[in-house]
Protein chains: 2
Amino acid sequence: MSTLHLDGFLPYRLSIASNRVSNVIATAYQAMFGLKIPEWRLVAVLAEGEGMSQQALGVMTRMDKVTVSRAAIGLVERGLVKREPNPHDQRSHLLRLTRSGEELYEQVAPKALELERRIFAEFEEKEIGQLRSMLERLEDAAAGFEVEAT
Amino acid sequence: MSTLHLDGFLPYRLSIASNRVSNVIATAYQAMFGLKIPEWRLVAVLAEGEGMSQQALGVMTRMDKVTVSRAAIGLVERGLVKREPNPHDQRSHLLRLTRSGEELYEQVAPKALELERRIFAEFEEKEIGQLRSMLERLEDAAAGFEVEAT
DNA sequence: GGAAACTGGTATCAATTGAAACTAACTACC
DNA sequence: GGTAGTTAGTTTCAATTGATACCAGTTTCC
């Protein structure tokens, strides 16, 4: 009889830990700025490279195009993002933070970093680097399986 | 202006990696055995310590009692789990794997372990241990914040 | 021993998410 | 230059999930 302790099963532990962390973050953003995670991700990406199409945003944030679409609509409605025509392709628009979107970002970013710091407060620098690298490799490994499944 | 690269933001990376891994696992279980993740978790726990109430299962699997309830109903319907009266509390039942539930487990467990091994194939033993420990600490850290939020 | 508070479990409801279908626009290629 | 196939984005639909309300049974405590 093969033994499998759920507690020792890494995909399980990963899921639990990730969900808890996501909850903390989601609750904090919602409470502080009324932002959902997908919205926040778009803001974060737009704050760096402005003038992106939604499909580019999808690649950057690894989110489904439906999720991106909804987040973009929400942000435009709230005046945080504006759409400018894309001279090269009339199907898409270039998204850009508005002035108030930029202001929001200036508020959110430090809070996000602080939250990250507090969550990982008891981790050493070296550990954080290792975790980062392992998560990256995991992402790639899992991506490989997804193809296989299809 | 504060800079926050989404790509470097650990809660984001954690979420992406975890979601991908969960997808792989969920797809595999669904395809191989028609099990959803919550169902599979119950089976795994019941295979070790039998005769548990749903509330105990909720603690063990860290799942919401609603999720446990639904998974339990599904498993009972499919004859993988049976409910026995709980002599100490008539509100609850003691859940137990049926014979065919045990047989299923005997099939699923090795597949699960193999999948885990393949996903983490490129990780060294030492790394896996570190990851395990970090996820545990993360879980605890995040749990602390959740209280704070309430 | 009975009312009040609590607990195990289920049902109902709303939110989130992705898959699939659809529209409009674009590209290839004959 | 017109048709077939593709791509950007939205809408619609179904599945999953958790919060809330609820019911039945249990504990507390006067």
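The shown structure was predicted, so the numbers you read here are calculated from the model rather than taken from an experiment. Proteins get letters first, then strands, A, B, ... in listed order; numbering begins at 1 in each.
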Round to the nearest Å and state the distance from Met63(B) atom CE to dT16(D) atom P.
14 Å

In whole angstroms, the gap separating P of dT16(C) from CD1 of Ile37(A) amounts to 11 Å

Can you tell me if Glu48(A) and His5(B) form a side-chain donor-acceptor pair at under 3.5 Å?
yes

Send over the distance from His93(A) NE2 to dT10(D) C1', rounded to a whole Å.
11 Å

Determine yes or no for a side-chain-to-main-chain donor-acceptor pair under 3.5 angstrom, with Glu127(B) supplying the side chain and Glu124(B) the backbone.
yes

Under 4.0 Å between a side-chain N/O of Gln54(B) and OP1 or OP2 of dT10(C), yes or no?
yes

Passes side chain to side chain contact (heavy atoms under 4.5 Å, CB included), Leu135(B) versus Arg13(A)? Steps please.
CA-CA 7 Å; Leu135(B) 290 176; Arg13(A) 296 236 76 114; 4.2 Å; yes

Which side-chain N or O atoms in residues 70-82 of chain B pair as donor and acceptor under 3.5 Å with protein atoms at least two apart or in another chain?
| residue | atom | partner | partner atom | Å |
| --- | --- | --- | --- | --- |
| Arg78(B) | NH1 | Gly34(B) | O | 3.1 |
| Arg78(B) | NH2 | Phe33(B) | O | 3.4 |

Report the distance from atom CG of Leu95(A) to atom P of dA8(D), rounded to the nearest whole Å.
13 Å

Rounded to the nearest angstrom, tell me the gap between atom CD in Glu39(A) and atom P in dA15(C).
14 Å

For Arg91(A) and Arg83(A), take the nucleotide of DNA chain D holding the closest heavy atom to each; which residue's nucleotide lies nearer the 5' end?
Arg91(A)

Closest approach to the side chain of Ser69(B), judged atom by atom: which nucleotide of dC26(C), dT11(D), dT10(C) is it?
dT10(C)

I want to check one thing: is the phosphate of dT10(D), taken as OP1 and OP2, less than 4.0 Å away from some side-chain N or O of Lys65(A)?
no

Please report the distance, rounded to the nearest Å, between CG in Asn23(B) and P in dT16(D).
12 Å

Say whether, by atom type as modelled, one donor and one acceptor occur between the side chain of Ser22(A) and the main chain of Ser18(A) under 3.5 angstrom.
yes

Choose from dT17(C), dT11(D), dG9(C) the nucleotide whose nearest atom is closest to any side-chain atom of Ile73(A).
dT11(D)

Separation of atom CD in Gln55(A) from atom C1' in dC26(C), rounded to whole Å:
14 Å

When you check the side-chain N and O atoms of Gln54(B) and Arg83(B), is any donor under 3.5 Å from an acceptor?
yes

Just N and O in the side chain of Thr67(B): are any of them under 4.0 Å from OP1 or OP2 of dG18(D)?
yes

If I take atom NE2 in residue His88(B) and atom P in nucleotide dG8(C), what distance separates them, rounded to the nearest angstrom?
15 Å

Under 3.5 Å, N/O pairs linking protein and nucleotides 12-14 of chain D:
none

For Tyr29(B), the ring pair (Phe, Tyr, Trp, His ring centres under 6.0 Å) test, sequence neighbours excluded, returns Trp40(B)

Let me spell it out: for each of Asn86(A) and Lys36(A), pick the nucleotide of DNA chain C with the closest heavy atom. Which residue's pick is nearer the 5' end?
Lys36(A)

